[in-house]
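Only heavy atoms go into these numbers, but all of them, side chains included; no hydrogens, no water, no symmetry mates. Quick note on labels: first sequence line is chain A, next is B, and so on, each numbered from 1.
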Protein chains: 2
Amino acid sequence: MASPDLPRPLRGDARRNRELLLDAARALFAERGVDVAMAEIARRAGVSNGTLYNRFPTRQDLIEAVFLDRLEKNVELAEQARVADDPWQGFVDYVTGICELQAADRGYNEAVTRGMTSPAAQQLQATATAALGDIFDRAQRAGTLRADTTIDDLAFVVWGISRTVDMTGDHTPRLWRRHLALLLDGFRAAAAHPLPEPPLAAGQAHQAMATD
Amino acid sequence: MASPDLPRPLRGDARRNRELLLDAARALFAERGVDVAMAEIARRAGVSNGTLYNRFPTRQDLIEAVFLDRLEKNVELAEQARVADDPWQGFVDYVTGICELQAADRGYNEAVTRGMTSPAAQQLQATATAALGDIFDRAQRAGTLRADTTIDDLAFVVWGISRTVDMTGDHTPRLWRRHLALLLDGFRAAAAHPLPEPPLAAGQAHQAMATD
DNA sequence: GGATAACATGACGATGTCGTCAAGTTCATA
DNA sequence: TATGAACTTGACGACATCGTCATGTTATCC
């Protein structure tokens with residue numbers, strides 16, 4: 001049957017409209033979050049809402065298409081941090097990097113929270129998780145990162161910083177760095193006091209915070 | 001002329017319906033947040049939506065009526081912590097207490113975030129803020145709480161924990177205590193590394209996090 | 001340059017929420 | 001117990017968003 005399951009390529013106008021929609025969605029997601037009205041995205045892109053639904057049948061499809069490159073950026077950050085000269089500095093740089101992604105785009109954290117289910121996204125997340133494991137191991141073996149933490153504890157950082165960005169981003173756009181500095185001091189081995197609860201199990205963390 | 005500006009007392013049935021509405025709203029706010037549909041609150045209370053709007057013309061009125069007693073609880077926690085034997089323990093107890101309030105009631109943090117504008121609420125917030133100032137001073141003078149933090153930095157704790165509760169409360173209801181422990185370790189003087197940004201100005205913090 | 005599949009359009013019905021109001025009912029007072 | 005004010009009711013119009021679909025248009029291929 002000569003059927004390679006490749007989807008046939010889009011027609012020229014359809015491809016152009018797809019790009020216009022992605023641009024519009026990217027901008028609106030960044031400033032107002034991923035729950036903006038679909039009709040508004042279409043209007044901003046200069047196409048009808050019918051076209052929007054033709055290209056992206058569900059909001060989730062649109063979200064995943066928009067944020068795939070942010071996931072790639074995330075992986076890139078992790079790869080750099082994994083080979084940093086100073087293990088602790090690598091850890092700090094990575095964490096700071098993903099927080100910067102969030103500070104720059106209100107929709108990013110919402111998208112990751114919702115979960116990215118496309119195969120491409122899953123793959124990137126797996127890669128980032130693996131690299132993050134190395135980053136953690138190195139920093140813990142160096143004795144700077146406290147030994148009783150897990151990569152799943154980074155969910156606290158991501159969640160907390162995104163909330164601070166939501167609350168203060170408009171008015172004091174750099175304040176989240178203060179929040180992060182306080183949090184990071186709590187991750188130092190020198191600061192360690194016993195933790196009262198076990199960390200999130202790996203599966204739960206993945207479900208809840210995806211990869212970043 | 002002979003006009004004490006006291007509002008006349010409600011009629012018996014109206015008073016009863018008011019209580020039914022408050023009970024219904026309290027329960028729904030706690031489990032689903034303060035944005036539940038007004039009609040659903042009325043239905044749960046067993047009255048018509050018209051009655052709901054008669055008693056509480058705006059959602060904000062209802063929210064403030066529901067959460068006033070939580071603010072009182074907050075003040076109570078602060079008064080206790082202010083006279084604790086160990087200043088650091090007092091600080092920890094207070095912070096843990098307000099986090100417990102949030103963990104028990106999804107609506108509480110939303111309500112405070114939105115701001116409580118009634119005179120009674122404002123007064124309670126002012127009292128709590130004053131007590132919190134003392135708690136901070138004592139713990140800093142004792143040398144356990146790092147000196148470069150401000151009461152406004154507690155906003156980070158409140159915001160972060162509420163987010164963690166939102167994300168994990170259903171599945172791992174005690175996990176937020178781990179998050180809090182990590183945060184508190186970052187507030188210890190022994191852990192202090194320089195902070196990159198100045199704290200929120202007092203006015204902004206009040207606006208943003210109210211009193212807790 | 002014509003035929004056809006791919007695509008775009010925007011009006012539409014469905015759904016959910018809000019706050020109001022005219023009409024009916026109940027409480028409180030004398 | 002009768003009267004008027006206080007209160008309750010639930011239907012209603014306004015609004016916003018969603019996803020669909022019949023119709024009209026455009027690109028692509030022979």
Atom CG of B:Leu62 and atom P of C:dC18 are separated, to the nearest Å, by 11 Å

Rounded to whole Å, CG of A:Leu20 lies from C1' of C:dC7 at a distance of 15 Å

Do other residues, nucleotides or ligands put more than 12 heavy atoms under 6.0 Å from B:Gln123 CD?
no

So salt bridge (Lys or Arg N to Asp or Glu O under 4.0 Å) across residues 56-71 of chain B, not counting sequence neighbours, yields B:Arg70-B:Asp105

Look at [X] together with [Y] and state whether they make a salt bridge at an N to O cut-off of under 4.0 Å.
X        : Y        : answer
B:Glu197 : A:Arg177 : no
A:Arg163 : A:Asp166 : no
B:Asp13  : B:Arg16  : no

Open item on the list: Under a 3.5 Å distance rule, please check whether B:Asp153 uses its side chain to pair with a backbone N or O of B:Thr150 as donor and acceptor.
Closed with: yes

Spell out, as yes or no, whether a donor-acceptor pair under 3.5 Å connects the side chain of B:Arg188 to the backbone of A:Ala191.
no

Here the residues of residues 10-19 of chain A within 4.0 Å heavy-atom distance, strictly under, of DNA chain C are A:Leu10, A:Arg11, A:Asp13, A:Ala14, A:Asn17

Within residues 31-55 of chain A, the residues having a heavy atom closer than 4.0 Å to DNA chain C are A:Val47, A:Ser48, A:Asn49, A:Gly50, A:Thr51, A:Asn54, A:Arg55

Report task. Hey, can you tell me if A:Tyr108 and A:Phe67 have their rings parallel, tilted or perpendicular (30° and 60° cut-offs)? Result -> tilted

